[in-house]
There are 2 protein chains.
Amino acid sequence: MPKETFFNLRDIKRDRVVQAALEEFAKYPYERASLSTIVQNAGIAKGSMYQYFADKQDLYLYIIKRVYDSKRNYLQDVFAKDQDFFATLQRYYQRAYMFAVEYPLYHQIAINFWESKDDKLHQEIIDNKELRASDFTRMLIQAMEDGQVNPNLSKEAAFFVYHSVGKELIENFQGLSAEEAEKHLEFIRDVLDILAYGLGRKGEQSWVKN
Amino acid sequence: MPKETFFNLRDIKRDRVVQAALEEFAKYPYERASLSTIVQNAGIAKGSMYQYFADKQDLYLYIIKRVYDSKRNYLQDVFAKDQDFFATLQRYYQRAYMFAVEYPLYHQIAINFWESKDDKLHQEIIDNKELRASDFTRMLIQAMEDGQVNPNLSKEAAFFVYHSVGKELIENFQGLSAEEAEKHLEFIRDVLDILAYGLGRKGEQSWVKN
DNA sequence: TACAAATATGACCAACCAGTCACATTTATT
DNA sequence: AATAAATGTGACTGGTTGGTCATATTTGTA
């Protein structure tokens, strides 16, 4: 948590600090990111930073929180729109892609974060993954009951497949030229279709005789 | 490339240097790995290391080469045993898993390597990925002609799915207890089955009417 | 044994890092 | 205007890093 002093700052100055931190943590993972570089780009003295934050990790966690709050907010209306399992997944990943295009800095910071090896940070990543796993599993069970998904599949394996592909999908679009967006969204659809045909074929349900 | 001096070393000493480097690069990615730690664990002087290698990167690339040579050798007879596309993939990933269990240090170094952000190293990763992509695509096209795989699928998307899942599969098994090996191998089979049913159902070929 | 070539050494260097602190400056309160 | 509180500052500390180099030791050769 930042200190009170940080919140008392004038907006322009506070934004400069945040912006400089965003840029640095987007460029480098936590351990290699440099506080000296951040304060230099923010145009403040080294000591000032320690008036705002307890230490490097405090600053980092604040930035991470901003990023994930923003992403959660961006994705909030993706779920529960309808009950189509496959359509929901496609909305989710396409929207996650659009987030990456719209907020490239946030996107890069998130990538750097979940690749972090730092013990304390790593625990948060695992917690987060388990949280998403239970969300996904809930959706999956519902879809199995609805008859959208083959109910004989291993739930763990199904989550694993979607987690892997989703992670790589999001990570993959670093070149975020807006012109290619349509092509990228189509690619996401192609990839998810491959998974969908494996998880159950709508209308045909090819698994029933298995 | 190591200097001649390195190869002139007595086996015991050379192995000590290699072993210390392996342990350090397994523990930390390139940038955070410490030469000082390596020389200390190897029981040699700092200066000696620079008699053997030009610099840190020279040492690292030598270690990386060892790792990948070893892995390539370990996986060499996986392909071309038979023409069953899905069986070959399963052999590949199960064997890659066994490699990880058998050579945990090598395994960890490989993971750290392909997560590296260093420009020069990153290029090698991309090259490597493209090489595997063309290998995979060749197999895929063959399987499409054989009727094992739905020929209407996007080849890029198909590779992407296998690449993502394969990468995460290999990365995932860090707790490499030999007792759980059977369970892990079964999990790999479950995951690949999900993909297979999406790429085409053997015997049934559910895509033909699509 | 005498010389030369190869190899080993660790103190040392400059560059960087996160974090500190005595002090200067600005802002709020009386 | 005078005082107090809050905020800003950058030189400095102790640590780490990759890399160097003059010198010492070992090894090979004659």
At under 4.0 Å, does any side-chain N or O of [X] touch on OP1 or OP2 of [N]?
{"X": "A/Y52", "N": "D/dT7", "result": "no"}
{"X": "A/N8", "N": "D/dA6", "result": "no"}
{"X": "B/K13", "N": "C/dA8", "result": "yes"}

Pair [X] + [Y]: ring centers closer than 6.0 Å:
{"X": "B/F159", "Y": "B/H163", "value": "yes"}
{"X": "A/Y97", "Y": "A/H184", "value": "yes"}
{"X": "B/Y68", "Y": "B/Y106", "value": "no"}
{"X": "A/F79", "Y": "A/Y92", "value": "yes"}

(message) Using the rule ring-ring contact (aromatic ring centres under 6.0 Å, His included), only one of B/Y28, B/F53, B/Y30 pairs with B/Y60; which is it?
(response) B/Y30
With 3.5 Å as the limit, what N/O pairs link the protein to nucleotides 16-20 of chain C?
{"residue": "C/dC17", "atom": "OP1", "partner": "A/S34", "partner atom": "OG", "Å": "2.8"}
{"residue": "C/dA18", "atom": "OP1", "partner": "A/A33", "partner atom": "O", "Å": "3.0"}
{"residue": "C/dA18", "atom": "OP1", "partner": "A/L35", "partner atom": "N", "Å": "3.2"}
{"residue": "C/dA18", "atom": "OP1", "partner": "A/K56", "partner atom": "NZ", "Å": "3.1"}
{"residue": "C/dA18", "atom": "OP2", "partner": "A/L35", "partner atom": "N", "Å": "3.0"}
{"residue": "C/dA18", "atom": "N7", "partner": "A/K46", "partner atom": "NZ", "Å": "3.2"}
{"residue": "C/dG19", "atom": "OP2", "partner": "A/Y50", "partner atom": "OH", "Å": "2.9"}
{"residue": "C/dG19", "atom": "OP2", "partner": "A/K56", "partner atom": "N", "Å": "2.8"}
{"residue": "C/dG19", "atom": "O5'", "partner": "A/Y50", "partner atom": "OH", "Å": "3.4"}
{"residue": "C/dG19", "atom": "N7", "partner": "A/K46", "partner atom": "NZ", "Å": "3.3"}
{"residue": "C/dG19", "atom": "O6", "partner": "A/K46", "partner atom": "NZ", "Å": "3.2"}

Atom [atom1] of [X] to atom [atom2] of [N]: distance rounded to whole Å?
{"X": "A/Q51", "N": "D/dA5", "atom1": "CD", "atom2": "C1'", "result": "13 Å"}
{"X": "B/K3", "N": "D/dG19", "atom1": "NZ", "atom2": "P", "result": "11 Å"}
{"X": "B/Q40", "N": "C/dT9", "atom1": "CD", "atom2": "P", "result": "14 Å"}
{"X": "B/Y28", "N": "D/dT16", "atom1": "OH", "atom2": "P", "result": "12 Å"}
{"X": "B/I44", "N": "D/dT26", "atom1": "CD1", "atom2": "C1'", "result": "16 Å"}
{"X": "B/R16", "N": "C/dA8", "atom1": "CZ", "atom2": "C1'", "result": "12 Å"}
{"X": "B/E4", "N": "C/dA5", "atom1": "CD", "atom2": "P", "result": "15 Å"}
{"X": "B/I38", "N": "D/dG18", "atom1": "CD1", "atom2": "C1'", "result": "11 Å"}

(message) Please enumerate all residues that pass salt bridge (Lys or Arg N to Asp or Glu O under 4.0 Å) together with A/R138, with sequence neighbours excluded.
(response)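 Once residues adjacent in sequence are excluded, the partners of A/R138 under the salt bridge (Lys or Arg N to Asp or Glu O under 4.0 Å) criterion are A/D135.
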Taking all heavy atoms of [X] and all of [Y], pick out the closest pair and write down the distance.
{"X": "B/A96", "Y": "B/I170", "value": "CB-CD1, 3.9 Å"}
{"X": "B/S154", "Y": "A/I194", "value": "O-CD1, 4.4 Å"}
{"X": "A/A157", "Y": "B/D190", "value": "CB-CB, 3.8 Å"}

(request) Pick base, sugar-phosphate or nothing for B/S48, based on heavy-atom distances below 4.0 Å to the nucleic acid. (result) base
(request) Check every atom of D/dG10, D/dT7, C/dG10 against the side chain of A/T5 and return the nucleotide holding the closest atom. (result)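 Comparing D/dG10, D/dT7, C/dG10 against the side chain of A/T5, the answer is D/dT7.
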(request) Decide, yes or no, whether a salt bridge links A/K183 with A/E180 under the criterion of side-chain N to carboxylate O below 4.0 Å. (result)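 Yes, this pair counts.
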(message) Closer than 4.0 angstrom, basic N to acidic O: yes or no for A/R66 and A/D69?
(response)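 A salt bridge is absent here (no side-chain N lies under 4.0 Å from a carboxylate O).
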(request) May I have all residue pairs that pass salt bridge (Lys or Arg N to Asp or Glu O under 4.0 Å) and include part of residues 52-61 of chain A, sequence neighbours excluded? (result)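 Salt bridge (Lys or Arg N to Asp or Glu O under 4.0 Å) check on residues 52-61 of chain A returns no pairs.
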(request) Note the angle between the end axes of the helix from C/dT1-D/dA30 to C/dT30-D/dA1, five pairs defining each, rounded to 10 degrees. (result) 10°
(request) Residues of residues 18-27 of chain A with any non-hydrogen atom less than 4.0 angstrom from an atom of DNA chain D: list those, numerically ordered, please. (result) none
Below 3.5 Å between N/O atoms, which protein atoms pair up with nucleotides 24-30 of chain C? Just atom names and distances, please.
none

(request) Look up atom CE in A/M139 and atom CZ in A/F85, then write down how far apart they are to the nearest 0.5 Å. (result) 5.0 Å
(message) Does the structure place the NZ or CZ of B/R95 under 6.0 Å from the centre of the six-membered ring of B/Y74, at an angle of no more than 45° from the ring's axis?
(response)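 Ring-cation test returns yes.
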